[in-house]
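Numbers restart at 1 for each chain; the letters A, B, ... are given by sequence-line order, proteins then strands. Since we're looking at a predicted model, the values are computed, not measured.
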There are 2 protein chains.
Amino acid sequence: MPNRKAATPITLAVVKTACSNCNLHELCLPLGLSHAEIEKLDEVVSARHRIKRGEHLYRAGETFNSIYAVRSGFFKTDVLLEDGREQVTGFQMTGELLGLDGISTEAHSCNAVALEDSEVCAIPFSHLEGLSREIQTLQHHFHKVMSREIVRDHGVMMLLGTMRAEERLAAFLLNLSQRFTARGYSPAEFYLRMTREEIGSYLGLKLETVSRAFSRFQEEGLIAVQQKHVRILDIVKLKQLMSHHHRE
Amino acid sequence: MPNRKAATPITLAVVKTACSNCNLHELCLPLGLSHAEIEKLDEVVSARHRIKRGEHLYRAGETFNSIYAVRSGFFKTDVLLEDGREQVTGFQMTGELLGLDGISTEAHSCNAVALEDSEVCAIPFSHLEGLSREIQTLQHHFHKVMSREIVRDHGVMMLLGTMRAEERLAAFLLNLSQRFTARGYSPAEFYLRMTREEIGSYLGLKLETVSRAFSRFQEEGLIAVQQKHVRILDIVKLKQLMSHHHRE
DNA sequence: CTCGCACGTTGACTTGGATCAAAGGGGCAC
DNA sequence: GTGCCCCTTTGATCCAAGTCAACGTGCGAG
């Protein structure tokens, strides 16, 4: 029961971020914190930024200062090779953190691009470290988030290293479905924010292969797809696709 | 209590670890700590374990309690799919940490296997968190290590997602060379501890493809390879291999 | 030391996904 | 509203790596 609402009247001069007013508690950094602890976190989370579709939140090589929590919208992160080859390393949605890769060298090691108009909360990393020396729950949760990123990356390595094209796309769709569900959206129907080429880059496939796999899934009645709109029709078969090896 | 060089081969009582006596300072967790701080870390690093070649340090699904620092030896980590497909997610050598993936769910998410007789220092994770609330340098360095793991994984995703077989093997050899160098070994000559199949699993290739790529490199005078012994003859060309896209 | 078997190499053939090409269609800027 | 360009789909062909097979070989268990 926050009584601070009454304390701050209508004055909205500064659009200060406030984790305590944010409905992303259960997805984002404040998970498990007491109300008093969240208010401490409020002081650390400096500001909210708006990023328009197509704009960079940060670029590889830039100095690392803050990590970012996605308040609303959708991002991709990617790495570029000198010869222009691109690997999308992840897609980030509401409540997920961006910039963890920058801690190691104090410079961002990838690009973060908004795939739709988005808002992020910037969290100066040194402040976060300070606060997590005070609040054990915050420290532990932050470690879990970093570790989860490592586990996620291992999952992608498994996908890229051992799966066939259709398995990869099935895994991708099921992962999206599960993350939309966790955010209160439909598990079976969603809009993709990324192009076929970006999906392909993430999955280690060419855009034509992604497109063909979508068509095949549709032919077989697993999904209904029209451009970026996807409806999952047979989630069971989609899951089975991944557990069968290629030869039956 | 030091001077355990003449370790009796029969009594394998767990030897007390001491970071302060360990020559891995500059690679391992104590990096940047003062002498007094390292002594605090000594109290936390509970014990050293010997792991014989082929034995598991931990298995996917086991409860997570500690992370491990490789004191000597060589490990691989891998993830298994239900249908038996395996993805090697990494190779760990002296001074590197194992088990970071277990923090997120409090259970290990992969298997860690010794590729040669090895020793590890177990670091109970809750103690490490406790100490890193006290010692800012330790906290920050631990965060850097986790972040470095994420960056490394992104590198592997790039490799798996965009590179051709020979580029992958070149990247792999150069990475090993660089890590051996950092440990004071020759940058140009080393023994592989893993089989062609394990290399293949890590690189998303079949063992025959790995073998053929080795042979090709040898034909072209880039390396001399005989079984697990590798000598790099032309590091410049090996690096060039990676920056050219497939078509010239 | 030596014997057996796991590991490695090489060849012939197959194939899944890449490449090249061409033709819609839909969303966004104006 | 409308026009253009990017995104997507689909077809035809190619090729890098996978698969299948057979034969070496060197290491470590005994």
*Should we count OH of B:Tyr185 as having more than 12 external heavy atoms under 6.0 Å?*
no
*Crowded around A:Arg183 CZ? As in, over 12 foreign heavy atoms under 6.0 Å?*
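For A:Arg183, atom CZ is crowded (more than 12 foreign heavy atoms under 6.0 Å).
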_Can you confirm whether A:Ile235 sits close enough to A:Lys239 that some side-chain heavy atom of one is under 4.5 Å from a side-chain heavy atom of the other?_
yes
*Heavy-atom side-chain contact between A:Glu208 and A:Val210 under 4.5 Å*: no
*Does the side chain of B:His154 pick up a donor-acceptor pair with the side chain of A:Gln87 at under 3.5 Å?*
no
*Looking at residues 189-198 of chain A, who's got a heavy atom less than 4.0 Å off DNA chain D?*
A:Thr195, A:Arg196
Could you state the [atom1]-[atom2] distance from [X] to [N], rounded to the nearest angstrom?
X        : N      : atom1 : atom2 : answer
B:Lys52  : D:dG28 : NZ    : C1'   : 14 Å
B:Leu203 : D:dA16 : CG    : C1'   : 16 Å
A:Glu116 : C:dC28 : CD    : C1'   : 16 Å
A:Glu208 : C:dG16 : CD    : C1'   : 14 Å
A:Lys206 : D:dC14 : NZ    : C1'   : 15 Å
B:His229 : D:dC27 : NE2   : P     : 12 Å
B:Arg216 : C:dT9  : CZ    : P     : 15 Å
B:Leu207 : C:dT10 : CG    : P     : 13 Å

*So which nucleotide from C:dG26, C:dA18, C:dT10 ends up closest to the side chain of A:Leu205?*
C:dA18
*Side chain of A:Arg164: nearest nucleotide among D:dT9, C:dG16, C:dA12?*
C:dG16
*Would you indicate what A:Gly204 reaches in the nucleic acid, counting non-hydrogen atoms under 4.0 angstrom: base, sugar-phosphate, or nothing?*
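Sugar-phosphate contact only - A:Gly204 comes under 4.0 Å of backbone atoms but never of a base.
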Name the atoms and distances for all side-chain donor-acceptor pairs under 3.5 Å in residues 216-226 of chain A, with sequence neighbours left out.
| residue | atom | partner | partner atom | Å |
| --- | --- | --- | --- | --- |
| A:Arg216 | NH1 | A:Glu220 | OE2 | 3.3 |
| A:Gln218 | OE1 | A:Val225 | N | 2.8 |

*Residue mapping more 5' on DNA chain C - nearest nucleotide basis, A:Gln226 or B:Ser215*: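 By nearest-heavy-atom nucleotide position, the 5'-most residue is B:Ser215.
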_DNA chain C: 5'-proximal contact among A:Gln227 and A:Thr209 (nearest heavy atom)_ =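 Here A:Thr209 is the residue nearer the 5' end.
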_Can you tell me how the ring of B:Phe74 sits relative to the ring of B:Phe91, calling it parallel under 30°, perpendicular over 60° and tilted otherwise?_
tilted
*asked:* Taking only side-chain N and O atoms of B:Lys228, does any of them lie within less than 4.0 angstrom of OP1 or OP2 on C:dG8?
replied: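 Answer is yes, contact under 4.0 Å.
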*asked:* With hydrogens left out and only the distance checked, is there a donor-acceptor pair under 3.5 Å joining B:Arg212's side chain and the base of C:dG11?
replied: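 Counting by modelled atom types and ignoring angles, a donor-acceptor contact under 3.5 Å is found here.
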*Taking for each residue the nucleotide of DNA chain D with the nearest heavy atom, is it B:Arg53 or A:Ser211 whose nucleotide lies nearer the 5' end?*
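Counting from the 5' end, the first nearest nucleotide belongs to A:Ser211.
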